[in-house]
Each structure stands twice: as C-alpha cells, then as structure tokens.
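Order of the sequence lines fixes the chain letters, A, B, ..., with proteins taken first and strands second; residue numbering starts at 1 for each chain.
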4 protein chains.
Amino acid sequence: MVKKRLASGEPCRKCAQAEDMLRRRGLWHRIDEVVWAQEGDPDAAGWRLAAEHGIDTAPFFVVRDAAGERVYTSALKLTKEALAQGAPAPPAQPASAGPSPDDLAAAARELEGARPEDIVAWALSRYGKTCAIAFSGAEDVVLLDIAARTGLPFSAFCLDTGRLDPETYEHIDAVRDHYGIEIDMVLPDPEPVRELVRRKGLFSFYRDGHEECCNVRKVAPLEATLSHYRAWLTGQRRDQNEATRSALPAVQADPRFSGPTGPLVKLNPLAAWTAADVWAAIHERGIPYNPLFDRGYRSIGCAPCTRPVPPGKSDRAGRWWWEHADDKECGLHVGSKPSSAKPA
Amino acid sequence: MVKKRLASGEPCRKCAQAEDMLRRRGLWHRIDEVVWAQEGDPDAAGWRLAAEHGIDTAPFFVVRDAAGERVYTSALKLTKEALAQGAPAPPAQPASAGPSPDDLAAAARELEGARPEDIVAWALSRYGKTCAIAFSGAEDVVLLDIAARTGLPFSAFCLDTGRLDPETYEHIDAVRDHYGIEIDMVLPDPEPVRELVRRKGLFSFYRDGHEECCNVRKVAPLEATLSHYRAWLTGQRRDQNEATRSALPAVQADPRFSGPTGPLVKLNPLAAWTAADVWAAIHERGIPYNPLFDRGYRSIGCAPCTRPVPPGKSDRAGRWWWEHADDKECGLHVGSKPSSAKPA
Amino acid sequence: MVKKRLASGEPCRKCAQAEDMLRRRGLWHRIDEVVWAQEGDPDAAGWRLAAEHGIDTAPFFVVRDAAGERVYTSALKLTKEALAQGAPAPPAQPASAGPSPDDLAAAARELEGARPEDIVAWALSRYGKTCAIAFSGAEDVVLLDIAARTGLPFSAFCLDTGRLDPETYEHIDAVRDHYGIEIDMVLPDPEPVRELVRRKGLFSFYRDGHEECCNVRKVAPLEATLSHYRAWLTGQRRDQNEATRSALPAVQADPRFSGPTGPLVKLNPLAAWTAADVWAAIHERGIPYNPLFDRGYRSIGCAPCTRPVPPGKSDRAGRWWWEHADDKECGLHVGSKPSSAKPA
Amino acid sequence: MVKKRLASGEPCRKCAQAEDMLRRRGLWHRIDEVVWAQEGDPDAAGWRLAAEHGIDTAPFFVVRDAAGERVYTSALKLTKEALAQGAPAPPAQPASAGPSPDDLAAAARELEGARPEDIVAWALSRYGKTCAIAFSGAEDVVLLDIAARTGLPFSAFCLDTGRLDPETYEHIDAVRDHYGIEIDMVLPDPEPVRELVRRKGLFSFYRDGHEECCNVRKVAPLEATLSHYRAWLTGQRRDQNEATRSALPAVQADPRFSGPTGPLVKLNPLAAWTAADVWAAIHERGIPYNPLFDRGYRSIGCAPCTRPVPPGKSDRAGRWWWEHADDKECGLHVGSKPSSAKPA
C-alpha cells in the first residue's frame with residue numbers, strides 16, 4: 001500500500017480511511033508493506049512507485065500474485081477483487097451435505113461457553129460465503145462487527161419488510177459503508193402482501209395479531225433465503241425473553257428451516273451475552289448503531305410494531321405491545337424455549 | 001335501512017356512522033327507506049323488522065331484488081355485495097379496444113374546462129372498475145373523495161415503494177377505512193430492487209440521481225399495473241411544476257403507458273386546480289389528509305426523497321432537493337411539457 | 001359525600017374522579033359517610049340532601065364542624081378549605097428554632113434504613129407546610145406520590161429556570177392536577193439572567209461550563225426559596241452518581257442552605273432506592289411520568305443541558321455531556337461525597 | 001485590517017469571518033485599508049504591523065483616532081468599542097421630549113410607502129440606541145438584518161416569556177452571533193407569574209383565554225422595557241391579520257405605550273410587505289431563520305400557544321387556535337384596526 005504523508009507527518013485523510021476500512025474488515029494483515037509518498041518530496045519511494053504505474057494519486061495498492069501485477073486505487077475494489085480471492089480457504093470445506101447430527105452435537109459441546117468471536121470464526125472458516133448473518137438493523141450490528149474483524153468471507157442479509165423505519169434504512173446503509181460489505185435486502189413476494197393488505201388493510205396486526213403479517217413479510221422470505229445457505233448466524237440472546245429464549249443454544253441444527261442440501265446449521269454466538277455486554281462492545285469499539293436507540297428504543301423491528309420504552313419496562317415491551325407479553329416472537333426463531341414448545 | 005333512535009331522539013352512533021359512510025361513498029340515494037327502531041319501544045317498526053329477521057341489532061339493511069331478500073348487518077359488506085351489483089351500468093361500455101384517437105380528442109374537447117367532478121364521473125361511468133385512481137398518499141386524496149361521492153365503481157392503487165414514511169402508510173389506511181374502499185398496494189418486483197441495492201446501497205439516488213431507483217420501485221410496477229386497466233386518473237396539476245406540467249391536459253391518450261388492449265386513457269381531473277383549490281376542498285369537506293402536511297411537508301413521496309419546506313420555497317423544493325430544480329419528475333408522467341419533451 | 005349512582009349501578013364519572021383524587025391525596029378516610037343519589041329515584045337520600053341544601057348536582061360534600069355546616073361542590077375546594085383545616089396537627093410542632101444537631105443526629109440514626117414512606121411521614125408530621133418537596137419534573141415525582149398518600153400537609157416547589165422542555169411543563173401541570181396540589185414555580189430573578197445573557201448569549205454553558213448559568217437560574221432561586229422553609233425533601237439517590245452521591249444520608253442538616261430560623265433539615269427519602277425501585281413504583285402505582293422518559297431520556301433538567309442516552313450509557317451521561325464525567329452536579333446539592341468535598 | 005493570506009491565496013477562515021461580520025453589520029466601509037499577512041512570508045506588510053504591535057495573530061485591526069492608536073484582535077470588540085464611537089451622529093438628535101404630534105404626522109406622511117430600508121434608516125439615524133427593535137424570534141429577523149446593514153447603532157430586545165420553544169432560543173442565539181449584536185432578553189417579573197400559576201396552573205390559557213398569561217409574561221415586561229426607549233420597531237404587517245392589522249401605519253405615535261419622556265414613536269417598517277416579500281428576502285440574503293419554519297410553523301410565539309398549520313390554513317391559525325379566529329393579538333399591539341377598536 002502506498003500512503004501519502006502530509007507535511008505534518010500525518011497520513012492523508014483518504015489514506016487513513018482506507019487503512020481504517022481494511023482494519024475493520026480484518027484485512028490489514030494482508031498488506032505486506034506500506035510505502036510512503038511524502039508530500040513535497042518527488043523522490044519518495046511512494047511517488048516513484050506511482051510514476052512507475054502511471055498514476056498520480058494515493059492511496060493505491062500494488063498486488064502481485066500468480067495472475068501478475070495489478071494496481072488498485074480503490075480500497076473497496078481491492079477488498080472485493082484481490083483480497084477476497086486470496087481469502088484463507090476454509091480449512092475443512094464440507095461436502096455438499098450438511099454436518100451430521102453427531103458432528104453438530106460435537107461442535108455444540110465444543111463451542112458451548114466459547115466467546116462470540118470464536119463461535120463466529122468457527123462458522124466462517126467452515127462455511128465462508130455459504131454462512132449468512134441475519135442482520136435486523138438493531139443491536140445485532142455487533143455480530144457484523146465481530147464477523148468483519150475475522151477477515152473471513154461471509155454473507156449478510158436483512159429482511160426488508162417494506163415497513164422499516166427510515167432511520168433503520170439509514171443505519172443499514174451506514175453499516176454497509178462502514179464495513180465495506182454487501183447486505184442483501186430481502187424483500188417479500190409482492191403477491192401475498194397485496195392480498196393481505198387488500199383484505200385487511202395495512203395495520204391488521206393491531207386487530208388480528210402480528211403473525212399473519214410477519215409470515216408474509218418476514219418468515220416466508222427468510223425461509224426462501226435460508227434455502228441458499230448452509231449455516232446462519234443470528235443475534236439472539238437468552239436474556240431477551242425469559243419465556244422463549246432462556247434455553248437458546250449457541251450452536252444448533254435449525255429446528256425450523258433447512259438449507260439447500262438438508263439440515264441448516266444455526267449459530268447464536270451472542271446467546272450468553274447480556275444487553276449490557278452488547279452495548280459495552282458497541283460503545284467501546286465505536287460500532288455504528290441505529291439512531292432510534294438514542295430515542296428510547298431498545299428493540300427494533302418494523303415501524304408500526306416497535307416503540308420506545310420508558311425506564312423500568314423490559315426491552316421487549318416495545319414490540320407488539322398490544323399482545324400478551326410472554327410469547328413475543330415473530331416466527332423467525334423457534335425451539336428455543338426451555339421445554340418442548342410447539343412451533344409458533 | 002333500520003336505524004336505532006336513542007331516547008334522546010338521535011340515531012345511535014353506529015347507525016350514524018353507517019349512514020355517513022354510505023353518503024361518503026355516494027350510495028345514500030340507493031337506500032329506499034329508513035325504518036326507525038325506537039329505544040325503549042319494542043313495538044317500533046324497526047324492532048318488528050328485526051324480530052322478523054331474527055336479529056337483535058341495528059343498523060341493519062334489508063335488500064330485496066331478483067335474487068330474493070337478504071339482510072346485512074354490516075354497511076361495508078352491503079356496499080360490496082349488494083350495492084356494487086346494482087351499480088349503474090356504464091352507459092356505453094366500450095368493446096375491448098380502447099377509444100379511437102378521434103373519440104379521445106372529442107372527449108378531451110368536451111371535458112376541457114369541466115369541473116373535476118364531471119371529468120371523474122365521465123371516466124367512471126364509462127370505465128367503472130377498469131378505471132384506476134393512482135393515489136400517492138398526498139393531497140391527491142381529494143380525487144378519491146370526488147370519485148367516492150359519485151357512487152360509481154372504480155379501482156384505486158398506490159405504488160408502495162417500500163420506502164414510504166410510516167405516516168403515509170397510516171394515512172392510506174385511514175383513507176381506506178374512511179371511504180370503505182380497497183386500495184391496491186403495488187409493491188415492486190423484489191429482484192431488481194435487491195440488485196440495485198446490492199450494487200449501490202439504499203441511498204444511491206443522492207449520488208446518482210433518483211431515476212434509477214424510481215424506475216425499479218415506481219415506474220416498472222406502475223407499467224405492470226396499468227396494463228390491467230383501460231383508463232387511469234391522476235392528481236397531477238398544472239400549477240405543480242412550471243417546467244414539466246404547465247400544459248397538462250385534463251384528458252389524453254397516455255403518452256407512455258398502455259392498457260391491456262391498446263391505448264390507455266389518462267385523465268387529470270385536477271389539472272386546472274391550484275394547490276389552494278385542493279386544500280380548500282380538503283378543509284371544507286373534512287377529507288382526511290396525510291399528517292406530514294401538519295409538519296411542513298407540501299409534496300409527499302418516498303421518505304428519503306421528501307422533506308418539509310419553509311415558507312417562501314416552492315412545493316416541489318421538498319422533492320429530490322439535491323438535484324437540478326427544473327425537471328423534477330419521477331418518470332410516472334411524461335409528455336406534459338409545453339413543447340415537445342423527450343420522455344424522462 | 002353525596003355520590004350519584006347511575007342506572008348501571010356505577011358512580012357517575014365526576015363522583016368517581018372526586019373520590020379518586022381524595023384517595024390520591026390521602027384524604028379519603030376523612031369522609032365520614034357516603035350517601036347515594038340514585039339516578040331516576042328522586043326519593044334517594046342523596047337527592048333529599050341536595051334539595052335540602054338547594055343544589056341539584058353531585059358529587060357534593062356536607063361539612064359540619066365548630067364553624068357550622070357548609071356545602072362544597074368542588075372536591076378541590078373541599079380539600080383546600082375544609083380538610084386542610086382539620087389536618088392532623090403535627091405531633092411535636094417544633095419551636096421557631098430548628099432542631100438541635102443532637103436531635104437531628106438522633107433522627108438520622110432512627111431513620112437510616114427506614115422506608116421512604118416512613119421518612120416522608122416523619123418529616124411531614126413534624127414540619128407540615130413548612131416542609132417543601134423540591135420537584136424537578138423528573139422521576140422524583142414518586143416523592144410527591146408518597147407525600148400525597150400520607151394525607152399530611154406539605155409544600156412543593158419547582159425551579160422554573162425558564163429553559164425547561166415544553167414536555168416538562170406539561171408534566172408538572174399534569175402532576176398538579178393528578179394530586180390536586182399546588183406546585184410553586186420558582187422563577188429566577190430577571191436581572192442576573194439578563195446580565196449573563198447580555199454578556200455571553202443563551203448557551204454560554206457549552207463553552208464556559210454549566211455552573212454560571214445554574215447559579216443564576218437554579219441555585220440563587222433555591223436559596224431564596226429555602227429560606228422560607230424549615231425542612232425540604234429531595235429525590236436524590238445514592239445510585240445516581242458514584243462520584244458525588246454515594247454517601248448521601250437519608251436525613252441531614254443541610255450543608256449549604258439554611259432556613260428562616262437557622263439550620264435547615266434536608267431529607268433524601270429515596271437515598272437508598274435504585275432507579276429500578278423508583279420505576280417499579282411509578283409503573284405499579286400508575287404515577288404520571290414525564291413523557292420525555294418515553295423518548296430515551298433518563299435524567300431530566302433544562303432543555304439545552306439534557307439529552308437522551310442510548311442503552312449502555314449511564315443515566316447522567318445525558319446531562320452536561322460536554323463536561324468531565326465525574327462531577328456533574330448543578331450546585332443544588334453538596335456534601336454528599338464520600339470524603340470531604342469542597343462545596344461546588 | 002490585517003488579513004492573513006494562505007498559501008492558496010485565500011484569506012484565512014477567521015479573517016473571512018471577521019470581514020463577513022463587518023459586512024453584515026454594515027461596517028465594512030469603515031475599514032480604511034486591508035493589509036495582507038502572507039503565510040510563509042515574514043516580510044509581508046501585515047506581519048511587520050503585527051510585530052510592531054507585539055502580536056502574532058491575524059486578523060487584527062489598528063484604530064487611529066483622537067484618542068490615539070489601539071489594536072483590536074476581536075472583530076466583535078472592535079465593532080462595540082471603536083466603530084460604535086465613530087458611528088455617524090444622528091443628524092437631528094431630538095431634545096429629551098419626544099416628537100410633537102405634528103412632527104410625527106409629517107414623518108408618517110413622508111415615510112408612507114417608503115421602503116423598509118428607508119424607514120429603518122430614518123428611525124436609527126434619528127434615535128440610535130434609544131430606538132429598539134422588538135424581535136420575536138420569528139420571521140421578523142428580517143428587520144434585524146435591515147437594521148444591521150445600515151451600520152447605524154440600535155438596540156434590540158426579545159420578550160423571553162420563559163415558555164419559548166428550545167428551537168427559538170437557539171435561533172435567537174444564532175442571530176446574536178450572526179450579526180454580532182446584543183439582544184436584551186426581557187424576563188417577566190417572577191411574582192405575578194408565580195401567582196397566576198399558583199392559582200391556575202401552567203396552561204390556564206387553554207381554559208380562560210390567553211390574555212391573562214400574555215399580560216404577565218409579555219405585556220407588562222414590554223411596557224417596562226419600552227419606558228426606556230424613545231422609539232421602537234416592530235415586524236408587524238398588514239397581511240398578518242385582516243381583522244386587526246389591515247390599517248397598520250408604517251409610523252405612528254404608540255397608541256398604548258409611552259417612553260421615558262412622553263410619547264413613544266412606533267414604526268412598522270414591514271407594514272406593507274407580504275409574507276412572500278419577507279421570505280423572499282430571507283432566502284435571497286441567507287438570513288438565518290427559526291428552524292421551526294422547516295417544520296410547518298408559520299407564526300411563532302410561546303411553545304404551548306403555537307403550532308404548525310397545514311396548507312390552506314391562514315398563518316395565524318397556528319396561534320391560540322382554541323380561541324375565536326378574528327381577534328388574535330397578544331396585547332402588544334393595539335390601535336391597528338380599520339375602525340375605532342377598543343384597546344385589547
């Protein structure tokens with residue numbers, strides 16, 4: 001990497017940003033050497049390299065590999081084309097079939113109690129791009145941060161129900177830019193949505209419960225999406241809901257959805273974390289967070305089904321507040337209850 | 001219609017609401033007789049009718065037609081099932097082909113300068129359910145009000161881009177309830193949206209202009225929708241945009257889109273109205289309006305592309321404000337410029 | 001008290017509200033008898049009493065005491081004129097001098113560890129109207145609730161700096177109505193405020209620290225106000241600020257301010273409570289709370305010096321956030337630090 | 001004035017700001033000479049002047065007058081101390097008595113139909129600091145702009161009722177900074193406010209009308225303030241209220257208030273302007289405006305008595321909307337009605 005150094009001794013702003021992005025994406029160790037282009041010194045090594053490649057800007061990157069030598073002036077393009085190719089091969093890329101129940105049970109034993117970082121690294125090194133992070137636009141952004149810092153390839157998607165808050169769309173885009181990652185926005189099939197709205201209007205959930213709407217806008221699109229992956233990571237935590245999540249495992253065979261070739265591996269790396277752990281990480285690492293959290297929101301979903309909560313109320317009190325308190329799940333996650341629960 | 005009269009002499013609240021809704025929908029003249037069920041007087045004609053039909057509530061409606069006698073206790077169901085059947089047959093239901101250019105030119109001459117009410121009635125009596133009102137969730141709600149008061153059948157749709165403000169969804173639902181009408185929410189095809197977002201993120205319009213996003217979220221869905229109709233009504237007005245709408249006709253062959261069997265008739269009944277005319281009608285008739293208008297908005301579209309404007313700025317200054325001022329159209333409407341304009 | 005009973009058997013709405021207010025103010029036990037005025041029965045005892053006193057409404061109250069018999073049709077007026085007179089005499093109304101240091105030390109020992117209810121009752125029964133509750137418009141509303149429920153007389157004031165949020169003024173008024181109490185709004189002396197603003201503008205605290213502004217808008221008015229009282233109650237808690245409040249006693253001689261005749265007794269009945277205790281009480285008892293708490297605020301002061309805080313930040317992070325974190329006090333309270341702290 | 005020129009040829013940012021402020025205050029023509037201090041050239045004339053006066057910064061100002069030579073490094077201080085002294089002497093400084101009725105009638109004739117700029121200049125050149133602009137924090141900011149551009153001395157005050165919106169305080173401070181002027185914040189006498197609130201609570205105006213509250217928070221403080229001035233300027237316009245302001249003159253003897261030595265001259269320089277004129281000026285000149293105007297507000301007063309208005313409603317519909325529409329004045333201005341109106 002060629003970095004430009006200003007008269008003040010500092011790297012130029014754009015160079016600093018490029019380095020920062022590589023660090024956030026866990027790719028900084030892939031840079032073999034930093035060559036400086038000193039402002040005002042045309043003989044600096046960096047400027048000579050620039051002249052050699054016929055360019056007059058910094059930062060830029062020279063990549064030498066089997067395919068020859070190439071120059072990138074965009075750090076984002078570099079990460080997509082060059083560094084992705086060179087990403088460490090998953091150590092034990094599984095055959096097309098999913099893990100056997102025995103393998104998964106062994107992994108669950110191995111990872112129970114492990115740090116979120118280790119659970120994530122285990123999954124990404126094993127499944128790579130066939131492992132997807134389900135990002136909701138809420139505090140599960142910490143999961144994206146952990147994944148990006150591994151430097152390993154992964155996928156990410158977001159269920160775009162069409163009814164998210166404008167602030168949530170802004171946050172998702174800010175996360176995309178901050179980490180330089182793609183986030184697949186999964187829209188619902190228009191037909192069942194139109195049909196539901198035609199019959200019941202746009203706010204039927206307040207009268208008839210949220211399941212019907214969640215089904216067409218979230219669950220069905222999730223099912224279709226997961227059918228393309230072999231593993232997925234969620235931000236679920238045991239502390240989120242005593243009634244439905246208190247026995248949530250860190251690793252499990254998905255009790256509801258399946259992948260393209262059979263069982264789907266579901267990982268909940270934050271299962272053992274508390275809200276306090278998540279927020280400590282967000283503040284300490286400067287992770288961007290949804291601005292709705294600055295306005296009293298403590299759980300974030302669709303706009304009409306989410307509201308801020310005052311002190312002294314549980315975080316989930318801001319979701320589907322017109323319904324019975326105990327059993328609030330949108331149907332994305334089942335089988336996490338202490339005892340045998342029927343699928344929601 | 002059997003109405004309950006309270007001891008005070010007033011109709012019961014639910015009866016008054018039912019009557020009100022029928023009036024708003026232009027169907028009140030279809031009620032042949034009002035029979036009162038006086039509170040506290042079991043011998044009142046209304047109560048005797050109720051006993052006769054084995055019901056104990058009011059309001060209710062007795063319908064007698066060729067198919068026999070039926071009772072409705074829901075005014076909404078009544079309007080859908082009974083009154084819709086009896087809707088006046090379009091006087092000259094056209095054959096499957098659209099109007100000839102000559103016919104349309106004649107109609108345009110006839111309706112130029114006509115009141116919005118007359119233009120709407122002309123269209124609905126001719127095309128009925130095959131005529132659709134394009135409702136944007138903005139002040140064009142006045143068009144729905146005019147249509148509902150004709151008592152004629154019509155269709156209505158709204159382009160649900162997935163990025164509307166939460167307040168706009170609330171308003172659309174309030175309109176649906178207020179007039180007792182269906183509003184077809186037209187969602188975009190998920191694939192081109194995902195593809196655009198994958199490449200450029202969720203706010204590409206700020207950098208690359210709004211057309212690309214409008215195309216996938218509004219124009220393509222509109223085109224697909226209009227292909228099912230023979231005529232459509234828009235809320236466009238000449239005063240909205242000097243540069244693009246000053247020559248807008250009240251009736252035209254759609255210069256861009258076509259219907260299932262050929263040319264599509266496009267009607268702009270409010271073409272000659274000013275914003276002041278529209279708002280006078282809204283306030284005088286108590287038409288429900290989007291609450292964003294109470295917060296400084298004066299034109300309403302997608303959330304990220306709409307903002308309030310201070311006094312002294314043009315209404316369109318709140319739309320796509322980062323772009324050049326003159327030519328702001330989303331692509332739904334072309335051919336409205338004074339001189340020969342290229343399609344946007 | 002004469003209550004009107006509706007045909008349904010329920011008391012009329014206004015009667016229920018009057019009873020409710022008397023209960024909230026701890027005065028319900030002072031009603032000797034409830035006499036019903038049954039709707040539709042002119043011979044009911046309540047209606048006869050009404051006729052006797054020449055009135056035709058309910059609720060009303062007949063008071064008989066040494067001064068003769070009087071009728072009140074306003075529950076608020078009743079509480080002010082009649083019930084206040086008959087308020088239980090403070091058991092040991094102190095002479096004009098304040099308590100001796102020894103007395104106060106004994107009281108502090110006696111009340112250390114006591115429930116807030118008992119500390120408040122101890123103070124109100126001893127000082128009555130010469131004891132004032134300092135209400136800030138924040139979660140210390142719970143202190144007013146506790147005081148009102150004792151049924152004992154007390155005073156209440158609020159430092160109206162002129163820069164409170166509109167929502168805070170609404171809340172203060174709602175509290176006034178809910179408990180039927182007077183809250184003295186203490187405005188600052190205009191001259192020092194004008195002088196500060198003339199020199200430094202309206203937001204000098206962001207540059208020069210908040211003390212200068214707090215001094216003229218809060219501390220000086222507080223000092224002037226407290227000089228009229230013998231005791232005051234605050235909502236301070238030890239858990240609010242590790243650095244400045246962790247050794248806060250429940251009862252103390254005020255270390256900074258004095259009353260009209262010497263030492264001022266300062267009581268902090270909530271000293272041992274946590275934020276969770278306060279909010280549990282607010283939700284359980286249906287105590288009205290400042291709506292800003294629904295928007296992410298967790299501590300409330302002046303508008304420009306208060307902001308909401310996201311999860312994972314301390315409650316005080318929303319106050320004077322541009323200043324050093326440890327020592328945030330507005331100067332109303334000193335001497336609460338673990339070790340010998342200099343007066344702020 | 002010594003200005004620092006950067007290597008790029010541009011003046012330094014602080015220098016540019018200082019010049020800008022002087023231009024906004026109409027004082028730029030008072031700068032006799034600009035001397036440049038070229039970055040990197042210690043021999044530049046500006047740096048030599050700096051060395052001479054023992055300072056090492058720019059911008060700075062050297063003032064030479066009868067009192068000798070002085071250096072200012074603050075443009076604000078310069079305007080207050082040096083330029084104010086040198087302000088053009090009012091051409092015909094009146095004796096201590098106010099203008100005779102005849103003089104005023106002559107002036108009214110002379111200025112009727114004059115541009116606001118000329119009316120303001122007439123007043124300021126005649127009364128200087130004894131002429132005060134009443135600034136409300138609303139669109140009358142344009143009056144301050146006109147006054148500042150004259151370069152003549154004047155006073156300005158704002159009635160700080162203690163119930164203004166937080167945004168209004170921010171705007172007032174922004175105006176103070178933008179023009180480098182003092183704005184006297186006139187707070188009400190605390191006692192009548194406390195007394196009113198004690199009796200009726202903080203929102204009595206919704207029940208009993210706004211006059212009682214306006215009297216203690218606005219009218220009485222205004223009266224006390226005006227007693228120190230000989231003339232005042234208001235932002236009133238005839239188009240604001242058909243019922244009360246349609247005959248508003250540009251110059252008049254104040255029909256209600258008086259100055260220290262008798263009649264008070266009241267000038268309404270914007271009387272003939274429309275809202276459109278005011279807003280055109282604000283946008284063209286880049287005058288800072290209250291951000292509430294971006295949220296649908298079109299008239300601004302106290303927070304609880306002001307609200308935004310939708311299109312199609314009159315600007316005054318956002319003030320005291322719970323009262324009868326015709327006669328909305330806060331009592332600051334009387335005698336502006338077409339026919340003989342009784343003082344409000």
Legend entry - Per-residue contact mode, D/Arg198 against chain C (heavy atom under 4.5 angstrom): both
Inset, instruction - Would you please name every residue forming a ring pair (Phe, Tyr, Trp, His ring centres under 6.0 Å) with C/Phe157, sequence neighbours left out? - result: none
Inset, instruction - Taking all non-hydrogen atoms of both residues into account, name the closest pair between C/Pro188 and D/Leu187 and its distance. - result: CG-CD2, 4.4 Å
Legend entry - Test applied, side-chain contact (heavy atoms from CB on, under 4.5 Å); reference residue, C/Met185; option that passes from D/Leu196, D/Leu202, D/Val193: D/Leu202
Inset, instruction - Determine which residues belonging to residues 136-146 of chain D lie within contact range of chain C, meaning some heavy atom pair is under 4.5 Å apart, and list them by number or answer 'none'. - result: none
Inset, instruction - Answer yes or no: is there an ion pair linking C/Asp184 with D/Arg194, defined by an N-O contact shorter than 4.0 Å? - result: yes
Inset, instruction - For C/Arg199, look at atom CZ and say whether over 12 heavy atoms of other residues, nucleotides or ligands are found less than 6.0 Å away. - result: yes
Inset, instruction - Over all heavy atoms of both residues, which pair between C/Phe203 and D/Tyr169 is shortest? Give the atoms and the distance, please. - result: CE1-O, 3.4 Å
Legend entry - Student check: side-chain heavy atoms of D/Asp189 and C/Pro190 closer than 4.5 Å: no
Legend entry - chain C contacts, top residue of D/Glu182, D/Glu191, D/Glu195 (heavy-atom pairs, under 4.5 Å): D/Glu182
Legend entry - Shortest non-hydrogen contact from C/Pro166 toward D/Asp165: CG-OD1, 4.2 Å
